[in-house]
Amino acid sequence: MRRLNADVKTLNYLLHTGEEERQVLAYLYDPLIALDVNLEPIPSIVSRWDIADGGKTYVLHLDRRATFSDGTAVKASDVVFTLKKIVDANAPQFAGAFMNLDRARTVALDEHTVRVGFTETRAAQLLAFNISVVPEHVYGKGTLTDVTAVVGNGPYVLKAREPGRSIIVERRSNYWREAPHIDTVLFRVVADDSVAWNALMVGDLDVARVNNDTWWRERNQPAVREKFTFVDAWLLSYNCIAWNLDDPLFKDAATRRALAMSFDRDAVIKNLYHGEARPVTGPFTPDQWANDSTVPAITFDLGEAAKLLANAGWRDTDGDGTLDRAGHPLAFTLLTPVSSAARDQSQILQSALAKLGIRMEIATMDGAAFFDRVLHRNFQAAFFAWFNEPDPDPFALFHSSQMAPIGLNVGAYTSREADALMDRGRVELDRGRRAAIYHELHRLLARDQPYLWTVQVASKWAVHRRVHGVRSSKGLGLFLWYPGPFAWWLP
């Protein structure tokens, strides 16, 4: 029994956007190319691959045993259908990685071989095939949103779903390769951390992410140590606040920097996470090669923040205690999902902003509704976590061509300089030169502050001792790599 921190919005593979959806779909769909414990590409549905034309052509050889859960073979034509559907439907998670698909050269060479052509080289393209394939005979009927069936090619099938409460997946009887050891997995939707911990203690959950307060309080309790082990990892994710730059409050970088100077990152790391968090200063996590470690975190300084705001024209002209400019009060609503990280970090920022004469309201929403608002840019500010790819490419998040909902540029950030760097970075094959490009991009984004980057929190899971074979990957933790949870077993 596993915890989901929020309910899923969809189990349509091509339309999913959230981390919880990704966790469930990983049981139902195998990727074309998987990642091992070290985040290196390994065969999955694709048994081997060839790269030609300087990275503009990929020939994928499918495992002839691969089948969908309805018993039909996974064919090269399904791969072609999936890739073209990703582009046509602007699938939010994947479209940015396949926008340069050469449709004319992307064809099935035979039933088990597909040639995928691109109009230009993209350095991270191979790992972009860490996606699954959907069956054309199911998803080719009507639009993507018309399809309600869940027909995957992974080791499990959907058994039952009770929206807002639970999802049950069951091991496939006709799975095409080595089957996982565990027959049935029950995902319980438990948004509240205290409720989740109680569920662990009474046996209603076997595996759950726990917050740092719970870990700190419970880690040495004899009754807890008898039942659970704690597994921790630095994931490829970070916390941030996105500003909607279409809102006149956040148009200028000086105001955004003042807001960033109001976030007491050191206090957050020490008091909220007991030292188990790290500063994040840009779009890459601290361990990634693309991260520029010389970029300093913005220092908490309300005095300097007040000066920046004054220089940017913010004054309390009507004496109501709230700064205003050109008739607009500096008051906004921060959307947050239901999570302790969002609540605690947001409240610390809220308290500091109030001292500057800035009124910030916090609106908490369930995960599906929250991401729907964010992806349609229907917000002023939003707190969330992004999960980077192992080979990072910030194109979908910050390129001006990727405005949500077409891409994931949810804050409507536009910069010709940043666009040029991202365009160069995604085609540069030399890792050293590419790192230099992304370091420059990191510095530019740190200057412009389209996000208030907060911290990267060490992720911790409580795992019941009856679950054996659990390993952690640096960057992905317990899940989303192979074999990951498919190697777990119960005595």
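Count residues from 1 along the sequence. The figures that follow rest on heavy atoms only: side chains count, while hydrogens, waters and symmetry mates do not.
For Gln288 and Asn388, the side-chain atoms include at least one donor-acceptor pair closer than 3.5 Å. There is a side-chain donor-acceptor pair under 3.5 Å between Gln345 and Thr454. Of the N and O atoms on the side chains of Gln125 and Arg426, not one donor lies less than 3.5 Å from an acceptor on the other residue. In the model, Arg343 has no side-chain atom that pairs as donor or acceptor with a side-chain atom of Thr336 under 3.5 Å. Side chains of Trp386 and Tyr451: a donor on one and an acceptor on the other come within 3.5 Å. For the residue pair Thr72 / Asp70, a side-chain donor-acceptor distance below 3.5 Å is found, with atom types taken as modelled.
At least one test fails for Arg373 against the ring of Phe379: distance under 6.0 Å to the centre or angle within 45° of the axis.
Residues meeting the salt bridge (charged side-chain N to carboxylate O under 4.0 Å, His left out) test with Asp36, sequence neighbours left out: none. Not counting sequence neighbours, the partners of Pro390 by the side-chain contact (heavy atoms from CB on, under 4.5 Å) test are Leu35, Leu39, Leu127, Leu236. By the salt bridge (charged side-chain N to carboxylate O under 4.0 Å, His left out) test, Asp50 pairs with Arg48, sequence neighbours left out. Remark: Arg188 pairs with no residue by the salt bridge (charged side-chain N to carboxylate O under 4.0 Å, His left out) rule, at least two apart or across chains. In terms of the side-chain hydrogen bond (donor to acceptor under 3.5 Å, both in side chains) criterion, Tyr482 has no residue partners (sequence neighbours excluded).
Here side-chain hydrogen bond (donor to acceptor under 3.5 Å, both in side chains) pairs that include residues 155-182, with residues two or more places apart or in two chains, are Asp30-Tyr175, Ser44-Arg177, Thr67-Arg172, Glu162-Arg165, Arg171-Asp183, Arg172-Asn174, Tyr175-Arg177.
In this structure, CE on Met422 lies 5.5 Å from NE2 on His399, to the nearest 0.5 angstrom. Atoms OG1 and CD1, from Thr184 and Ile168 in turn, are 8.0 Å apart once rounded to the nearest 0.5 Å. Interatomic distance, NE2 of His16 versus OH of Tyr29, reported as 10.5 Å (0.5 Å rounding). Once rounded to the nearest 0.5 Å, the distance linking OG1 of Thr82 with CZ of Phe98 reads 10.0 Å.
Salt bridge Arg465/Asp206: absent, no basic N to carboxylate O contact under 4.0 Å. For Asp193 and Arg209, the salt-bridge test fails: no basic side-chain N is under 4.0 Å from an acidic carboxylate O. Salt bridge Lys56/Asp53: absent, no basic N to carboxylate O contact under 4.0 Å. Asp146 and Lys141 are not joined by a salt bridge, as no carboxylate oxygen comes within less than 4.0 angstrom of a charged side-chain nitrogen.
In this structure, Ile42 places its CD1 atom where more than 12 heavy-atom neighbours from other residues, nucleotides or ligands lie under 6.0 Å away. Around atom CZ of Arg105, more than 12 heavy atoms belonging to other residues, nucleotides or ligands sit under 6.0 Å away. The local environment of NZ in Lys75 is sparse, with at most 12 non-hydrogen atoms from other residues, nucleotides or ligands closer than 6.0 Å.
For the side chain to side chain contact (heavy atoms under 4.5 Å, CB included) criterion with Val224, the lone passing option out of Met201, Arg219, Arg217 is Met201. Evaluated for a ring-ring contact (aromatic ring centres under 6.0 Å, His included) with Phe479, the options Trp488, Tyr27, Phe486, Phe187 yield exactly one hit, Trp488.
Using a 30° and 60° split on the angle between ring planes, Phe371 and Phe384 fall in the tilted class, from 30° to 60°. Ring pair Phe228/His464 is perpendicular by interplanar angle, where above 60° counts as perpendicular and below 30° as parallel. In this pair, Trp216 and His274 present their aromatic rings parallel. The plane angle is below 30°, not in the 30 to 60° band.
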side-chain contact (heavy atoms from CB on, under 4.5 Å) between Arg471 and Trp481, intermediate numbers included: CA-CA 10 Å; Arg471 296 175 64 198; Trp481 57 277; 4.0 Å; yes

Verdict with supporting geometry, Lys460 and Glu276, salt bridge (Lys or Arg N to Asp or Glu O under 4.0 Å): CA-CA 10 Å; Lys460 300 183 183 299; Glu276 294 288 303; 3.0 Å; yes

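Checked against the 6.0 Å centroid threshold, Tyr438 and Phe284 count as a close aromatic pair.
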